[in-house]
Amino acid sequence: MSRMDRPAPLDPAYDWLTADCLDVAPKLLGWELVSHAGGLETAGRIVECEAYHGLEDPASHAFRGPTKRTAPMFEAGGHVYVYLSYGIHTCMNIVTGQAGEGQAILLRAIEPTAGLEVMARRRGTTDPRNLASGPGKLTQALGVGLELSGTRLGETLFLRPPSDPHDQALVVTGPRVGITRALHHPWRFYLRNNPHVSRR
DNA sequence: GTCAAGATTAGT
DNA sequence: CTAATCTTGACG
């Protein structure tokens, strides 16, 4: 019996994620991120994210080439990359670009839209502004763990198109948060005046 | 083998 | 401002 080790083709609905991360990141705002992790549905609109430009970006985990941890970053756009931050928090990215480029977009905040009670239980708070505002809080609220690194969108995590087209007019850029290199790039993208964005 | 740094968060 | 907490990646 030969096993079919070739992965199933990525859902064509996610093909647009193979574009450059700097093009994808602003467009990602307003999309709804849906999680079925743990057999429970939770979801929220993406209101803040940051682009990491692969091999050319000193602030990117992919800067020094693929490693065991960062291997998913070098898959084609539409994959998921999750890592452990400061030994405590997990952060999730959506991989973009072509295979081999190492691009990814860190999801920093969502505005909860479904499964609020589940999120509240996981997070230990009911304040909707504090459920998933921050990369570590977002993964905790959605039940996203390291085991999802290397999976693809369409399996446990899904994207649904923006419900409000008006969001695109509210996109703001600025320097990325929490890094020490390549500080000058305005590669953080968020929705102006949205109360769920992690920092002002 | 050893060690410094880190895409964060909660609490003082 | 700092502690918590631990993996990665660089160096030898």
Side-chain angles (χ1 to χ4, degrees), chain A residues 17 20-26 28-29 33 35 37 42 44 46-75 77 79-97 101-112 119-151 153 157 171-191 194-200:
Chain A
L17 297 173
D20 191 277
C21 61
L22 297 179
D23 295 321
V24 173
L28 213 44
L29 298 177
L33 175 64
S35 170
T42 48
I46 300 171
V47 298
E48 179 187 358
C49 64
E50 289 176 354
Y52 286 86
H53 211 259
L55 292 165
E56 348 167 340
D57 181 359
S60 170
H61 289 173
F63 183 57
R64 296 169 193 284
T67 64
K68 181 168 186 178
R69 174 179 64 146
T70 63
M73 298 183 83
F74 291 86
E75 297 289 329
H79 281 74
V80 174
Y81 166 55
V82 185
Y83 69 92
L84 187 63
S85 179
Y86 290 90
I88 303 172
H89 303 103
T90 56
C91 299
M92 82 162 280
N93 297 250
I94 291 176
V95 176
T96 65
E101 294 185 321
Q103 298 182 10
I105 297 172
L106 171 69
L107 302 183
R108 290 192 55 90
I110 59 173
E111 177 179 328
M119 292 190 199
R121 189 172 71 243
R122 287 171 173 163
R123 289 272 305 118
T125 177
T126 56
D127 178 2
R129 280 156 152 273
N130 197 30
L131 283 180
S133 298
K137 299 174 185 177
L138 182 155
T139 56
Q140 188 180 17
L142 296 180
V144 172
L146 295 174
E147 71 282 357
L148 293 184
S149 193
T151 63
L153 292 175
L157 299 168
V171 175
V172 185
T173 67
R176 294 174 290 183
V177 173
I179 57 173
T180 59
R181 316 183 65 173
L183 300 171
H184 58 288
H185 290 124
W187 291 348
R188 175 183 182 226
F189 302 83
Y190 57 99
L191 296 180
N194 186 296
H196 298 274
V197 168
S198 68
R199 302 193 192 179
R200 286 303 157 114

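Because the structure is a prediction, the values reported are computed rather than measured. Proteins get letters first, then strands, A, B, ... in listed order; numbering begins at 1 in each.
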Query raised in the report: Nearest-Å distance, CD (E50(A)) to P (dG6(B))?
Result: 15 Å

Query - Side chain proximity check, L157(A) to V144(A), heavy atoms < 4.5 angstrom - result: yes

Query raised in the report: Given side chains that start at C-beta, do those of L148(A) and L146(A) come closer than 4.5 Å, heavy atoms only?
Result: no

Query raised in the report: Which residues within residues 121-129 of chain A lie with some heavy atom under 4.0 Å of an atom in DNA chain B?
Result: R123(A)

Report task. Classify the nucleic acid contact of R176(A) as base, sugar-phosphate or nothing, counting any heavy atom under 4.0 Å across all strands shown. Result -> nothing

Query raised in the report: Tell me, which of residues 139-150 of chain A have any heavy atom that sits under 4.0 Å from an atom in DNA chain B?
Result: none

Query raised in the report: So does T67(A) get a side-chain nitrogen or oxygen closer than 4.0 Å to the phosphate oxygens (OP1/OP2) of dT8(C)?
Result: no

Query raised in the report: Atom CD1 in I110(A), atom CG in L29(A): separation rounded to 0.5 Å?
Result: 13.0 Å

Query raised in the report: Strictly by modelled atom types, are T90(A) and T139(A) linked by a side-chain donor-acceptor pair under 3.5 Å?
Result: yes

**Report entry** With sequence neighbours excluded, residues passing salt bridge (charged side-chain N to carboxylate O under 4.0 Å, His left out) with R69(A)
**Finding:** none

Query raised in the report: So, H61(A) versus Y52(A), ring centres under 6.0 angstrom or not?
Result: no

Query raised in the report: For DNA chain B, what dot-bracket results from Watson-Crick or G-U pairs at under 3.5 Å, with [ ] for crossers and | for inter-strand partners?
Result: ||||||.||||.

Query - Note, H79(A) side chain near I94(A) side chain (heavy atom, < 4.5 Å) - result: no

Query raised in the report: Starting at CG of L183(A) and ending at P of dA7(B), how long is that distance when rounded to a whole Å?
Result: 12 Å

Query raised in the report: Parallel, tilted or perpendicular: which describes the rings of H53(A) and W187(A), with under 30° parallel and over 60° perpendicular?
Result: tilted

Report summary line: In this structure, OG of S133(A) is separated from CD of E48(A) (nearest 0.5 Å) by 8.0 Å

Report task. Tell me whether the OP1 or OP2 atom of dT8(B) has a side-chain N or O from R108(A) closer than 4.0 Å. Result -> yes

Query - Heavy-atom side-chain contact between E50(A) and I105(A) under 4.5 Å - result: no

Requested in this report: For the side chain of K137(A), starting at C-beta, report the closest nucleotide among dG9(C), dA7(B), dT9(B).
Outcome: dT9(B)

Report task. May I ask you to test the R188(A)-S198(A) pair for a side-chain heavy-atom distance under 4.5 Å? Result -> yes

Report task. Check the side chains of Q140(A) and R123(A) for a donor-acceptor pair under 3.5 angstrom, ignoring hydrogens and angles. Result -> yes

Below 3.5 Å is the cut-off: list the nitrogen or oxygen pairs between protein and nucleotides 2-7 of chain C, distance only.
residue	atom	partner	partner atom	Å
dT5(C)	O2	Y86(A)	O	2.4

**Report entry** Interatomic distance at P, dA3(C) relative to dA4(B), whole Å
**Finding:** 16 Å

Report task. Let me know the distance between CG of L138(A) and P of dA7(B), rounded to the nearest Å. Result -> 17 Å

Under-3.5 Å N/O pairs linking protein and nucleotides 10-12 of chain C:
residue	atom	partner	partner atom	Å
dA10(C)	OP1	R64(A)	NE	3.1

**Report entry** V95(A) versus P72(A), closest heavy-atom pair with distance
**Finding:** CG2-O, 3.4 Å

Query raised in the report: Quick one: does NZ or CZ of R108(A) land under 6.0 Å from the six-membered ring centre of F189(A), within 45 degrees of the ring axis?
Result: no

Report summary line: R181(A) and A59(A) have their tightest heavy-atom pair at O-CB, 3.5 Å

Query - Length of the line joining N130(A):CG and dG11(B):P, which is rounded to integer Å - result: 10 Å

Query raised in the report: Looking across every strand, which nucleic acid part, if any, lies under 4.0 Å from M73(A) by heavy atom: base, sugar-phosphate, or nothing?
Result: base

Query raised in the report: Any side-chain heavy atom of D23(A) within less than 4.5 Å of one from T96(A)?
Result: no

